[in-house]
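For reference, the structure is listed below as structure tokens.
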Amino acid sequence: MDYVINGLKLVTGLIAFMIVIRALGKKHLAEMTPYDMIYLLMFGGILEETLYNPKISIWQFLFSLGVWVVAIYVIEKLVTKSNKVRILLKGEPDHLIVDGKINLHLMRKNQLEMEQLRSMLRQQGIFSLREVKDLFLEPGGDISINQYAKYKPVTCGDLKIDKQEEYPSVLLIDEGQIQQEVLHAIGKTESWLRQELTREGFPNPHDVIYCEWSKSDGFFIK
């Protein structure tokens, strides 16, 4: 019976966590703030305490989860309504470099050393601080950089060159399996795909391990 109860608690916890993620939006999957870490730790604590304490019934567990879910939802709504609450809970970007000048006060406030900053720049493909005009440390710990114009890559717009727009590619065949949902999404049929594959020299889709297609670049087949 204990195994069944623990299984129910795990499944309930998983469902509750999925509901919260869906309710808060996809941005939380890409950007974690210190506050996001806090409520994840709280969820882990609630689940762990419930699993290893047989005195806590599943109804008490559901009550704790309910309070946790409602509290997070209310706080997130307050954050979207009030800029002051958002800054208090989520934080705001710190402008570490302003027009090439380093703000040492903000560097020390964020416990950031120069070599750490250089390492973060290298991960962005920048190997010298002389290239950086402005740098922001985002609430999630990432950095946003504005380079001096002379260090930015030249674009087609700078050269007054007209370039055809590129479209995203879609995966049509994955290890010999035709992706019917993808074909439907782009408004194509399986017969169209087979005709195009034959034209490319691949009459049998099962011989294709990888096939992508885009409106601008056509087929890429392995």
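Sequential numbering from 1 along the given sequence is applied to the chain's residues.
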Legend entry - side chain to side chain contact (heavy atoms under 4.5 Å, CB included) evaluation trace for I97 with I102: CA-CA 5 Å; I97 298 179; I102 301 174; 4.2 Å; yes

Does the side chain of [X] reach to within under 4.5 Å of the side chain of [Y], using non-hydrogen atoms?
X	Y	answer
N110	L96	yes
W59	L62	yes
K133	N146	yes
K81	L78	no
M42	W68	yes
I145	L135	yes
L104	M114	yes
V67	L65	no

What are the two closest heavy atoms between [X] and [Y], and how far apart are they?
X	Y	answer
T198	P203	OG1-CA, 3.8 Å
C211	I221	SG-CG1, 4.0 Å
P153	D158	O-OD2, 4.1 Å
K152	Q147	CE-O, 3.0 Å

Inset, instruction - For D207 and N204, run side chain to side chain contact (heavy atoms under 4.5 Å, CB included): C-alpha distance rounded to whole Å, both residues' side-chain angles, the deciding distance at 0.1 Å, then the answer. - result: CA-CA 6 Å; D207 294 335; N204 188 356; 3.4 Å; yes

Inset, instruction - For S128 and E131, indicate whether the former's side chain and the latter's backbone hold a donor-acceptor pair under 3.5 Å. - result: no

Answer with yes or no whether the hydrophobic clustering places [X] together with [Y]; edges join I, L, V, M, F, W, Y residues whose side-chain heavy atoms lie under 4.5 Å apart.
X	Y	answer
L129	I126	yes
V70	I75	yes
L10	F43	yes

Atom pair [atom1]/[atom2] of [X] and [Y] - distance to nearest 0.5 Å:
X	Y	atom1	atom2	result
S169	K215	OG	NZ	15.0 Å
L137	M107	CG	CE	9.5 Å
Y167	S214	OH	OG	10.0 Å
E212	I173	CD	CD1	12.0 Å
L171	Q179	CG	CD	5.5 Å
L193	E196	CG	CD	8.0 Å

Inset, instruction - Just grab all the ring pair (Phe, Tyr, Trp, His ring centres under 6.0 Å) pairs involving residues 82-109, residues at least two apart or on different chains. - result: H95-F136

Legend entry - Sequence neighbours excluded - ring pair (Phe, Tyr, Trp, His ring centres under 6.0 Å) pairs with any residue from residues 174-208: W192-W213, W192-F219

Legend entry - From CA spacing to verdict: side chain to side chain donor-acceptor pair (under 3.5 Å), K109, N103: CA-CA 10 Å; K109 175 187 172 183; N103 189 323; over 6 Å; no

Inset, instruction - Inspect the surroundings of CZ in F63 and state if more than 12 heavy atoms from other residues, nucleotides or ligands are less than 6.0 Å away. - result: no

Inset, instruction - Write out all pairs satisfying salt bridge (charged side-chain N to carboxylate O under 4.0 Å, His left out) with one or both partners inside residues 113-122, taking only residues at least two apart or from two chains. - result: E115-R118, E115-R122

Legend entry - Axial cation check for Y210 ring with K222, 6.0 Å and 45° limits: no

Inset, instruction - Could you check S144 against E138 for side chain to side chain donor-acceptor pair (under 3.5 Å), going step by step and ending with a plain yes or no? - result: CA-CA 7 Å; S144 301; E138 305 294 347; 2.7 Å; yes

Legend entry - Trace of the side chain to side chain contact (heavy atoms under 4.5 Å, CB included) decision for Q180 with I178: CA-CA 6 Å; Q180 298 290 348; I178 297 175; 3.9 Å; yes

